[in-house]
Amino acid sequence: MNQTTTKQTFQQAPAMDSRQVLVFKTNILLPAMGIFVRPLLDAMEDIIQWTIDYADCDHVLRVVTTGLNAREIEDIILQAGFTCEELTD
Amino acid sequence: MRNRDENKVDALLKKALDMIVQHGFEGLSMQKLAKAAGVSPATIYIYFKDKEALILELYKLECEKYFAHILKGFDPEMDFATGLATQWKSRASYVIDNPDKAHFMEHFWFNPLKVKSVKMFGKHFGEVMHRFHNKAIENKELVSMPLEVYWSVAFAPLMNLVRFHKAGVNMAGEKFALTNEMLMQTLALVLKALKP
């Protein structure tokens, strides 16, 4: 179900799998707005999977990536005209 | 960000179960769960992409625990009466000893997500139960009937008595506590009905 079970940190050297999960607060409120970011995120080879939780008040964008950093993803979303801010622990 | 921390996932799922039992599925949100569990929403999103994914994983986990419990001490090669009695005992004890888990699993039946959960499970549990059922028919210990009819006669009476017991009241709202005698009396009626 959840296809993203293995995660690695920046600090820990990517031995087998360099996948990591990044989480962002956005103002992508509806699926109808999500279609504007879809082509941009789908086009990124380093993004394995991404989802937006429209039900959440932070409209959380969750990205599973093999190398992009938070800043690069924020830039993609900003480019599409939305706000995007990394959520950290 | 960080490795999957199984302890953290367990703690989150346990908290989610508590919230669902107390406030229903609508009472759970990623933000409320974060607050209740004392973690940031980001932490929860690392493990689950949304509330649905979290509830589905919780359901899968709880069912696996339940299946493991009711297969313990059970052998599909048992004669039908012994096997069914063994099943009744372990199913009743699990529900009575784990009221919150049972409450959650039962409520999940009425959640639209139920449809999505169908293909989540391994085959083992179903295979054991099918073997028990088919072998009993071969041995002429059990009438052949549609599987749903079999289940409804073989297990639903038990589940309903346990439901009354858990609620502490019967269908008329009167005080009720299940006794072993009642359980065995009902089992005897069920066995009689299922006998060829």
Side-chain angles (χ1 to χ4, degrees), chain A residues 1-26 28-31 34 37-38 41 46-74 77 84-89, chain B residues 1-13 16 19-20 24-64 108 111-122:
Chain A
M1 182 235 6
N2 219 331
Q3 299 133 41
T4 53
T5 46
T6 317
K7 287 115 205 165
Q8 222 92 38
T9 69
F10 275 121
Q11 293 78 22
Q12 284 162 325
M16 295 285 289
D17 187 349
S18 60
R19 275 197 281 183
Q20 56 173 340
V21 180
L22 298 169
V23 180
F24 305 86
K25 175 181 179 166
T26 76
I28 309 169
L29 309 181
L30 303 162
V37 299
R38 186 192 296 160
L41 294 171
D46 291 335
I47 294 179
I48 297 167
Q49 184 207 35
W50 63 272
T51 50
I52 298 170
D53 186 358
Y54 298 104
D56 188 81
C57 62
D58 282 343
H59 322 290
V60 171
L61 167 67
R62 181 184 189 272
V63 178
V64 185
T65 170
T66 49
L68 291 181
N69 63 39
R71 186 62 201 278
E72 290 169 303
I73 292 161
E74 282 171 0
I77 304 302
C84 184
E85 183 191 328
E86 190 189 12
L87 290 172
T88 51
D89 291 329
Chain B
M1 267 166 124
R2 58 188 52 189
N3 286 318
R4 185 180 173 92
D5 178 342
E6 291 302 334
N7 292 332
K8 211 177 234 179
V9 174
D10 282 354
L12 282 173
L13 289 176
M19 292 179 79
I20 292 167
F25 288 106
E26 287 307 309
L28 176 73
S29 77
M30 300 296 254
Q31 302 287 338
K32 281 186 201 162
L33 177 61
K35 226 171 251 167
V39 301
S40 75
T43 304
I44 301 178
Y45 276 101
I46 290 170
Y47 302 116
F48 308 103
K49 68 182 170 72
D50 53 25
K51 175 176 153 181
E52 281 197 0
L54 187 147
I55 293 173
L56 277 170
E57 183 148 334
L58 178 60
Y59 183 66
K60 179 169 186 265
L61 205 81
E62 289 305 330
C63 285
E64 282 167 356
F108 192 84
N111 190 295
L113 285 176
K114 177 68 188 163
V115 186
K116 294 190 186 175
S117 74
V118 174
K119 289 195 175 120
M120 280 185 336
F121 298 105

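Each chain gets a letter, A, B and so on, in the order the sequences are listed, and its residues count up from 1.
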(request) Apply side-chain contact (heavy atoms from CB on, under 4.5 Å) to B:M30 and A:D53, showing your working. (result) CA-CA 10 Å; B:M30 300 296 254; A:D53 186 358; 4.0 Å; yes

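Across all non-hydrogen atoms, the minimal contact from B:Y45 to A:V21 is O-CG1, 4.1 Å. In plain terms, the two heavy atoms of B:K49 and A:R62 that are nearest each other are CA-CD, 3.5 Å.
Neither the backbone nor the side chain of B:K119 comes within contact range of chain A; no heavy atoms are under 4.5 Å apart. In this structure, the portions of B:T43 lying under 4.5 Å from any heavy atom of chain A include both its backbone and its side chain.
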Which pairs of donor and acceptor atoms, one on a side chain in residues 32-39 of chain B, lie under 3.5 Å apart (sequence neighbours left out)?
none

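With sequence neighbours left out, B:K60 forms a side chain to side chain contact (heavy atoms under 4.5 Å, CB included) with B:E64, B:M120, B:F121.
With contacts defined as side-chain heavy-atom distances shorter than 4.5 Å, the pair A:V23/B:I46 qualifies.
Of the listed residues (A:D56, A:I52, A:T51, A:D58), the greatest number of heavy-atom pairs within a distance under 4.5 Å of chain B belongs to A:D56.
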